[in-house]
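First comes the structure, then the notes that go with it.
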Amino acid sequence: MPDRKNTDKKRICPVSRKCGGCQLMNMTYPEQLKYKQAKVVKLLGSFHRVNEIIGMEKPFHYRNKVQAAFGRTRGGEIISGVYQSSTHNIVKTDACLIEDEKADEIIVTIRKMVKDFKLTVYDERKGTGFLRHVLVKRGFATNQIMVVLVTGTGFFPSKNNFIKELLKKHQEITTIVQNINNKFTSMVLGEKETVLYGNGYIEDVLCGCTFRISPKSFYQINPIQTEKLYGKAVEFAGLSGKERVIDAYCGIGTIGIVASKNAGEVIGCELNSDAVKDAKVNAKINNIDNIKFICADAGEFMLSMKEQGEQCDVLFMDPPRAGSDKKFLSCAVALKPERIVYISCNPETQQRDLYYLIKNGYKVKKIQPVDMFPYTAHVETVVLLIK
Ligand code: SAH
């Protein structure tokens, strides 16, 4: 738990208690880094010495992806903001210390326009109404901005005028997408999508490579720290140019593409089909021809590799918060990689998975925490294991 002794310090965000997104709001940034370092040492310190956490120089407005829920107060006022933690009550916010400021500005504009255009907002209990969420993604390196209007119905009243007006107010927007989500669900995005303006995606640049990002594809939310994270991951992989590399849970192919320049061959694996489509395009954009991508559950993919008697030299694995499953880990061991670079956003599940890998012939050689999410309690770690 965060250090509660600091609660008497002035809170710098007026809604932090209600929002709950920034669990460490009452600590100074150096205190936050200390807290995260201690957390990683506690969970992973018995495996190896933990390097000092890599923090941010300016730990604000780092989120390149901003999501706002739309609704009405009991008095009928249209509001937008974040859900109060563990509820579906919307906390009205116009600005946020960790979100991209331009994205927040656009969301406030849209909220005003909803009123001007007499559009309705979605009512979660009744399942009626139009605007449900607005999602904004910005490429920090390219300045491309995507606005996704998530709507409860397909029909968009005064669509053309709305889009025209939004573009007039924010000329920096490069694409607008309508996503239809008419289900009773806490997922933000639905299946169906229509591009209303531009090409339906944005691009960003990381580690000298260009990446296409679609509305539904996973992309790291803090690009400044992602470059440092990937830099460490590739350094730990110790590539010489000949290796056969697997990038498991590859998203839009970022790690594999960055690593491919120093590898013989790379195979990326990812469950989300939109992300795999992006990954394939990304390989082309960057003129990389020694990489391929497979759309599959990572455990299933590893099993089929094992059954075909395949091997690999380096395995990058970057699973979601739940970590990997036994199927994945047992097959990973069977492929006999010389090095495993395990990137994780949850040291608890990483600890569990590391125990398994250690029991099966691997040794932890390096542990590097990176602060990808200042002001929140989350911490990312890159761990190098050697056979
Ligand atoms: N390495 C990428 C993505 C990491 S996030 C990057 O740095 O950007 C984890 C990714 O795992 C997400 O893209 C998610 O869609 C994917 N994923 C989740 N469960 C999976 C599974 N069972 N098999 C394969 N990929 C999965």
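Remember, it's 1-based here, ligands and their atoms both numbered in the order they're listed.
- Scanning all protein heavy atoms for the shortest distance to atom 19 (N) of ligand 1 gives P320 CG, 3.8 Å.
- Two rings, from F156 and F130, have their centers less than 6.0 Å apart.
- Between A322 and ligand 1 there is no heavy-atom distance shorter than 4.0 Å.
- Contact analysis leaves C269 out of contact with ligand 1, as no non-hydrogen atom separation drops below 4.0 angstrom.
- Residues R138 and N143 have side chains that bring a donor and an acceptor to within less than 3.5 angstrom of each other.
- Note: H88 and Y83 have parallel aromatic rings, judged against thresholds of 30 and 60 degrees for the angle between ring planes.
- D318 O, 3.4 Å is the protein heavy atom nearest to atom 9 (C) of ligand 1.
- The ligand atoms of ligand 1 that sit less than 4.0 angstrom from a heavy atom of A296 are 23 (N), 24 (C).
- No hydrogens or angles considered: a donor-acceptor pair under 3.5 Å links the side chains of S217 and D278.
- At a 3.5 angstrom cut-off on N or O pairs, D247 does not count as close to ligand 1.
- Between D94 and R111 there is a salt bridge, since a side-chain N of the basic residue sits under 4.0 Å from a carboxylate O of the acidic one.
- Between the choices Q220, E270, M317, the shortest heavy-atom distance to atom 15 (O) of ligand 1 belongs to E270.
- For the residue pair K34/Q37, the side-chain donor-acceptor check at 3.5 Å is not satisfied.
- With a heavy-atom cut-off of 4.0 Å, L271 touches ligand 1 through backbone and side chain alike.
- Checking only distances, A298 does come within under 3.5 Å of ligand 1, N or O to N or O.
- When Y230, Y219, Y249, F218 are ranked by how near their heavy atoms come to atom 5 (S) of ligand 1, first place goes to F218.
- By the criterion of a heavy-atom distance under 4.0 Å, the backbone of C250, and not its side chain, is placed next to ligand 1.
- Using bins of under 30°, 30° to 60° and over 60° for the plane-to-plane angle, the ring pair F328/Y249 lands in the tilted bin.
- At a 4.0 Å heavy-atom cut-off, ligand 1 does not touch A248 at all.
- Only one option out of K39, K36, Q350, Q368 pairs with T381 in a side-chain hydrogen bond (donor to acceptor under 3.5 Å, both in side chains); it is Q350.
- If you number the atoms of ligand 1 from 1 as listed, the ones under 4.0 Å from a heavy atom of T254 come out as 6 (C), 7 (O), 8 (O).
- Side-chain rings of F47 and Y355 approach one another, their centers coming within less than 6.0 Å.
- Using a 4.0 Å cut-off to heavy atoms of D297, the atoms of ligand 1 that qualify are 21 (C), 22 (N), 23 (N).
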